[in-house]
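Read the structure below first, then the notes.
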Amino acid sequence: MAQSTGRISVSRSSAALGAVISGVDLSVEPDAETFAVIHRALLDHCVIFFRDQEMTPEQHVAFARRFGPISIHPYAPALPGHPEVMRVFKEKDDKVNFGGGWHSDMTFLEKPPLGSILYAKEVPPVGGDTMFANQYLAYEALSSGMKRTVDGLSAVHSANAQYGVDGMSEANRHNDQRSMKPKTSEEAKAETIHPVVRTHPQSGRKALYVNIGFTQRFDGWTKDESRPLLRWLYEHCAKPEFTCRFVWTKNAVAFWDNRCTQHYALNDYHGHRREMHRVTIEGDRPR
Ligand code: SIN
């Protein structure tokens, strides 16, 4: 059922999460009412989608800034001349894409992003969809016993498995199979600790907060001890019932709340090019 506020309408796109917003032009500074509708929809639906937007990189950044300061990815390349805009692309002969596994963005930071706004510049004729998973639902579906267990845990996150200098990092294993080449760094070893269940600062709801991209182990546990429960949680977090799938069209926009979702960029469009621009908004320290 679509909710309409004046010219703006918000329609849920799947049972678990996601809504399409129409009647908004993201290239112009939203007035207070438009901003409030967009913000409310983000909190209610966890990821929101817009079609047919014409935005310059400056307008994209300006829209993101309404939600908070911009967070620049420490390892991924920016659009030339626009350090705040990450260029996510895969050339037609590349084998590996960026973001092709379930993750929340940059949870290796002390203050991981509030959200990201992804804008489709070039899309394949079919494929290249992005999946999203609702981490409130993932938490709420746990048994009371498992909730008690994970409620008391914290986990260590780092960027090392993705961007570390050792030969086994994702970047070192995959950069020769993709044109987009995130850099590797000694700094990727830095570790930060977050609760396994975080309370969203605005909705007050609890969400599972571990992801296979960046979570290393439970705090105070070894990697070996952590692996079985983490594996179980990763599988649980992405159950189809908690997900939606966005089929991109050129100039579509997805804006996800990184505090209560994970996402997965599908790599199923070999022989075609895909390019997206991403602007990411700083968040606060998970609690
Ligand atoms: C990302 O993880 O930010 C990339 C998502 C996508 O390209 O669909």
Side-chain angles (χ1 to χ4, degrees), residues 13-14 17-18 42 46-51 53 57 60-61 64 67 70-79 82 84-92 94-109 112-133 135 157 159 161-163 170-171 174-175 177-183 211-215 234 237-238 243-270 272-283:
S13 53
S14 82
L17 75 169
L42 181 69
C46 306
V47 55
I48 49 181
F49 308 112
F50 305 82
R51 299 274 178 199
Q53 299 292 323
H60 188 176
V61 172
F67 295 84
I70 305 306
S71 176
I72 296 180
H73 199 292
Y75 308 109
L79 186 66
H82 298 280
E84 294 164 310
V85 182
M86 191 207 284
R87 188 165 163 251
V88 178
F89 64 101
K90 178 171 174 265
E91 299 296 347
K92 70 182 178 49
D94 289 352
K95 298 278 182 288
V96 176
N97 69 340
F98 178 84
W102 283 109
H103 65 285
S104 305
D105 290 333
M106 292 149 74
T107 64
F108 51 85
L109 297 177
L114 171 160
S116 288
I117 302 174
L118 192 67
Y119 180 33
K121 300 301 290 178
E122 185 172 346
V123 293
V126 70
D129 303 347
T130 305
M131 295 192 69
F132 297 89
Q135 299 306 289
H157 295 238
Q162 301 296 321
Y163 309 115
E170 234 261 338
H174 289 146
N175 276 1
Q177 299 169 70
R178 61 182 171 198
S179 307
M180 179 181 171
K181 297 187 194 301
K183 66 178 185 200
N211 72 92
I212 198 167
F214 303 119
T215 308
Y234 297 149
C237 280
T243 69
C244 72
R245 178 169 176 147
F246 187 58
V247 179
W248 290 96
T249 44
K250 184 172 157 56
N251 292 337
V253 171
F255 182 175
W256 59 88
D257 186 332
N258 197 54
R259 301 163 293 187
C260 55
T261 60
Q262 294 199 35
H263 56 281
Y264 185 131
L266 271 75
N267 185 16
D268 58 355
Y269 53 96
H270 303 297
H272 297 282
R273 198 175 182 280
R274 180 179 185 268
E275 176 163 341
M276 322 293 270
H277 291 176
R278 189 179 106 179
V279 179
T280 294
I281 304 150
E282 263 179 40

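Indexing begins at 1, ligand by ligand and atom by atom, following the structure's order. The first residue of the sequence shown is numbered 1, and numbering continues consecutively from there. Only this structure's heavy atoms are used, side chains among them; waters, hydrogens and symmetry mates stay out.
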How close do Leu109 and Ser71 get, heavy atom to heavy atom, and via which atoms?
CD1-OG, 4.2 Å
State the atoms of ligand 1, each with its element, that fall below the 4.0 Å cut-off from a heavy-atom position in Gly99.
2 (O)
Counting only nitrogen or oxygen atoms and a 3.5 angstrom limit, does Trp256 reach ligand 1?
no
Any atoms of ligand 1 less than 4.0 Å from a non-hydrogen atom of His263? List them with their elements.
1 (C), 2 (O), 3 (O)
Do His103 and ligand 1 have an N or O pair less than 3.5 Å apart?
yes
Residue, atom and distance of the protein heavy atom nearest atom 3 (O) of ligand 1 read Arg278 NH1, 2.7 Å
Option set Asn258, Val88, Thr130, Asn267, criterion heavy-atom distance to atom 8 (O) of ligand 1, minimum
Thr130
When you measure from atom 4 (C) of ligand 1 to every protein heavy atom, which one gives the shortest distance, and what is it?
Phe98 O, 4.0 Å
What closest approach, in Å, do Ile72 and Glu84 show between heavy atoms, and which atom pair accounts for it?
CD1-CG, 4.1 Å
Grab the two heavy atoms, one from Ala254 and one from Phe132, that are nearest each other, plus how far apart they are.
CB-CZ, 4.2 Å
Note: Leu118, heavy atoms under 4.0 Å from ligand 1, region reported as side chain
Can you give me the closest heavy-atom contact between Ala238 and Thr243, atom names plus distance?
O-CG2, 3.9 Å
Could Glu275 and Lys121 be called an ion pair, given the rule that one side-chain N must be under 4.0 Å from one carboxylate O?
no
Counting N and O atoms only, with roles assigned by atom type, does the side chain of Asn175 sit under 3.5 Å from a partner on the main chain of Pro182, one being a donor and the other an acceptor?
yes
His73 vs Tyr163 aromatic rings, parallel, tilted or perpendicular, using cut-offs 30° and 60°?
perpendicular
Per-atom contacts, ligand 1 versus Ala265 - under 4.0 Å to a heavy atom
5 (C), 6 (C), 7 (O), 8 (O)
Write out the residue and atom name of the closest protein heavy atom to atom 7 (O) of ligand 1, then the distance separating them to 0.1 Å.
Arg274 NH1, 2.8 Å
